Amino acid sequence: MGYNKSNLPKKGLRLVTEIDISRLLERVRKPASYLGREINAVFKKLGDVKVHLGLAFPDLYEVGMSHLGLKILYALVNKEPDFYAERIFAPARDMEDILRKEKIPLFSLESRTPLKNFDLIGFTLQYELSYTTILNMLDLGGIPLHSDQRKGGDPFVIGGGPGALNPEPLAPFFDFFVIGDGEEILPEILKVFAHWKDGHDRRGRAAFLKKIARIPGIYVPSFYEPLYFQGKFYGMKVLEKDAPSVIERRTVPDLENAFYPESFVVPYVDVVHDRAVLELFRGCSKGCRFCQAGYIYRPVRERTVSRLKELAGSIINSTGFEELSLSSLSSSDYSCIEGLLEELEQKFGKDYVRLSLPSLRADAYALRLADQVNRSGGVTFAPEAGSQRLRNVINKKIAEEEILEAAHLAVSSGRSHIKLYFMIGLPTETEEDLSELTRLVQKIANLRQTAGNRKHAFKVTVSVSTFVPKAHTPFQWEPQLELPEVRRRQEFLRQHLRKLRGVDFTWHEAEMSFLEAVFARGDRLLASVLERAYAMGSRLDAWSESFNFPLWEKAFAGEEIEPQNYARYKPALDDYLPWDHIDTGLSREFLKREYQRALKGDITYDCRERGCVGCGLENCSLRQVEKGVPL
Amino acid sequence: MYHYRLCFSKEGDLKFLSHLDLMRTFIRALRRAGVPVAYSKGFNPQPKLSFAAPLGVGLEGKNEYLDLYLSEHREENKLMESFNEQFPPGLKIKKISTVELNQHPLASVIGAALYVANLPAVPPDLPQTLAGILHMDTLVKVRQDKKNVKKVDLRPFIYDLKIKDVDGKDTLFMLLATGSKGGVRPQEVLELLHLERDTEIKVYRQDLFILEGGTLKNPEGICSVYYL
């Protein structure tokens with residue numbers, strides 16, 4: 001433990017030449033992850049491009065290469081001859097040790113350029129536990145951690161993705177954040193950058209930031225100062241006259257005509273999602289109240305079957321992937337899903353390209369769809385809560401009979417494994433809800449009796465995570481359950497579920513969910529904790545083998561910050577929240593109303609089924625009611 | 001169904017691919033090239049191809065072999081071209097020949113591999129150590145993996161060791177048993193020769209052989225050998 005932040009000299013860093021890389025790779029456990037010579041990787045001469053962008057994913061190659069957003073932006077930027085986007089991933093511990101020992105800066109996969117030599121580095125903020133890894137990558141790449149320490153030749157560091165919707169804990173480390181979909185705004189940024197780079201010496205960083213602060217969807221944190229009174233946050237002061245007081249989220253209005261890659265980089269190594277990905281639609285209208293993605297990607301925008309079919313053809317031809325994943329937040333809700341499956345099956349079935357449907361609703365309809373693409377293997381359902389009452393609270397509109405019918409169908413159609421996702425610590429949860437959960441699992445486990453001679457092979461896996469209240473959702477006003485109580489409820493479930501035959505129980509580490517909750521609704525004061533935890537050796541925290549909770553506790557103590565105050569944060573409905581200057585387009589009245597309905601156990605319909613529910617989004621084709629009009 | 005035997009090389013950076021990585025790379029290249037590969041039957045059809053002998057991560061292979069089954073006939077040279085168009089630099093098909101369908105897959109008959117290592121510095125006692133090993137009848141070593149520790153006699157797996165001058169450079173040739181009946185890894189032989197610590201030594205696999213009645217046979221003779 002204990003990496004000294006300064007043990008990477010900024011001068012005299014060595015470059016990774018073709019000869020060097022082999023010497024590095026010979027000594028690490030997963031050398032092929034650092035090769036960057038995959039099929040469809042893009043190579044450009046650095047001298048030929050005007051803007052050099054590093055697309056960084058703050059986790060290992062096998063995780064980052066599974067992320068769709070990165071693939072979209074990589075292809076989008078690289079289709080422009082003047083722009084060059086390269087991939088950058090976090091090194092595993094063994095590689096990091098070698099880089100530090102030999103004073104080799106972290107480098108990109110394609111041209112093996114040190115991070116500090118890029119024009120801009122964009123980090124995707126997918127989960128809170130990746131934040132210290134960002135600091136590690138900056139440091140390893142020779143870039144000062146704080147934006148105000150960066151000078152002339154240093155890259156601009158950009159953050160995007162869901163984490164950018166509450167960027168405050170990361171504010172000092174980023175030059176700016178991009179709020180919302182990246183397809184339109186990223187080329188805009190790069191064009192402004194190219195212009196700025198042409199016309200100026202590169203010392204005037206502020207000039208560039210002032211320029212882009214005017215682009216809708218850009219948040220330059222150094223232009224804003226959080227205000228506190230007696231330790232309580234009460235608002236944001238805008239320090240720069242051209243910076244907007246509220247930053248609006250960018251959305252690509254027409255997904256059908258938006259850019260989508262026709263080829264993906266084909267990894268050599270076995271990455272987490274090793275398949276071609278077809279994004280059917282963006283956004284989700286189900287309105288599950290705990291789900292940030294369900295709010296921050298609205299409205300629902302679909303691609304047509306013919307466009308998807310065309311894209312699928314190009315992607316499979318250019319990559320040779322044996323599997324095509326039909327991806328979205330809830331794939332069985334794609335309006336022409338049956339037609340699409342039929343067409344794709346016809347197109348690819350004879351070539352042995354498998355289709356897969358992630359994110360299925362836990363009902364019989366979805367299961368029939370899943371059966372259509374693949375009848376073997378397991379199936380995953382996410383009832384999220386065990387009792388009907390609690391499912392109403394979180395607005396997960398699925399009845400127990402539907403879940404059981406789907407499970408029954410899964411068993412009878414020959415599947416050997418059902419995986420069930422639940423959350424504990426949901427608002428209003430009681431022990432009775434947990435007992436209901438075990439009863440539901442029991443009923444599903446009992447279905448093995450109907451599996452006949454396969455019944456011994458039939459397994460139910462129950463995976464339980466802890467509810468994390470997220471910014472910009474109706475539960476942003478709700479505290480997280482305190483840690484000892486989370487552990488007690490986990491133990492309760494373990495005791496009850498272990499008695500059931502054929503049931504496996506797994507759970508997410510409560511301490512990880514606790515930290516997520518702290519940073520998911522964190523403010524700018526938390527940046528110092530991130531920096532301290534990183535300096536003490538924290539990184540790759542989402543991996544349980546590197547997660548070190550006592551270290552985090554020390555980091556909080558060292559900064560004299562009580563993490564409980566964040567995880568258990570219960571602001572009043574009209575308090576100004578640390579992320580209130582970021583506008584998702586949904587009205588606050590809507591979120592409040594949803595929160596109050598949740599506490600009463602009232603469900604809210606899916607607007608795509610029963611009409612507008614008044615979320616306040618202006619660029620939505622279903623919009624019928626004005627902001628604030630009740631249901 | 002049509003049975004082809006491919007000879008290929010895996011060199012440069014691609015030596016870092018594992019056996020499974022290489023298999024994925026082949027299967028995806030086949031699909032991109034539109035080659036009509038045959039699939040196994042059943043719930044989870046798999047493309048019918050099998051490698052002669054897995055090559056370890058970090059080793060280059062100059063002449064590696066693969067059995068491939070197609071559902072339609074393809075002319076060998078056309079097939080080779082379409083593969084090579086789809087391969088990343090470092091991976092190359094050198095030759096393809098058609099094989100009778102009833103032939104055993106290579107994986108079941110490959111018995112020996114020739115490994116070659118450059119020797120930047122030859123320790124004075126190396127020729128003696130080498131001769132000593134070849135004179136022994138048994139050479140029992142302890143092998144340890146995650147679960148087991150067991151004693152193995154390595155001597156029967158070492159067919160020949162030689163130091164030869166190749167273009168003015170000392171080069172170690174190791175002809176070692178490989179395949180289903182057991183074998184020895186080149187790294188283990190370097191340990192026997194006390195050379196394992198020399199990081200300048202680079203080993204590659206030159207070729208694979210079929211053992212037939214005590215003699216070595218190059219698979220279908222489709223690649224040239226310069227050894228022995």
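Just so we're on the same page: letters track the sequence lines, and every chain starts at 1. We use all heavy atoms of the structure for the numbers below, so side chains are in, but hydrogens, waters and symmetry mates are not. Keep in mind the model is a prediction, meaning the values are calculated, not measured.
Residue A/Lys101 qualifies as open at atom NZ: its count of foreign heavy atoms under 6.0 Å is 12 or below. Under a cut-off of 6.0 angstrom, the local environment of NZ in B/Lys92 is sparse, with at most 12 non-hydrogen atoms contributed by other residues, nucleotides or ligands. A 6.0 Å sphere centred on CD of B/Gln46 holds more than 12 heavy atoms belonging to other residues, nucleotides or ligands. With a 6.0 Å radius and a threshold of 12 heavy atoms from other residues, nucleotides or ligands, A/Lys30 has its NZ atom at or below the threshold.
The candidate from A/Asn317, A/Asp351, A/Asp270 with the greatest count of non-hydrogen atom pairs under 4.5 Å with chain B is A/Asp270.
One finds the NZ atom of B/Lys15 at 9.0 Å from the CG atom of A/Leu25 (value rounded to the nearest 0.5 Å). Interatomic distance, B/Arg28 CZ to A/Asn40 CG, rounded to the nearest 0.5 Å: 11.5 Å. One finds the OG atom of A/Ser318 at 9.5 Å from the CD atom of B/Gln86 (value rounded to the nearest 0.5 Å). Summarising the geometry, atom CG belonging to B/Leu91 is positioned 15.5 Å from atom CZ belonging to A/Arg37; distances are rounded to the nearest 0.5 Å.
For the pair B/Thr199 and A/Glu26, the minimum side-chain heavy-atom distance is 4.5 Å or more. Between A/Glu322 and B/Ile27, some side-chain heavy-atom pair lies under the 4.5 Å cut-off.
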Stepwise, does the side chain to side chain contact (heavy atoms under 4.5 Å, CB included) test hold for B/Thr25 with A/Ile39?
-> CA-CA 9 Å; B/Thr25 304; A/Ile39 291 292; 5.8 Å; no
Side chain to side chain contact (heavy atoms under 4.5 Å, CB included) between B/Arg24 and A/Val266, intermediate numbers included = CA-CA 10 Å; B/Arg24 259 192 297 273; A/Val266 185; over 6 Å; no
So A/Tyr268 and B/Ser18, side chain to side chain contact (heavy atoms under 4.5 Å, CB included) or not? Walk me through it.
-> CA-CA 9 Å; A/Tyr268 292 123; B/Ser18 71; over 6 Å; no
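Of all heavy-atom pairs between B/Arg32 and A/Thr319, the closest is NH1-O, 3.0 Å.
For B/Pro88, the parts lying under 4.5 angstrom from a heavy atom of chain A are both the backbone and the side chain.
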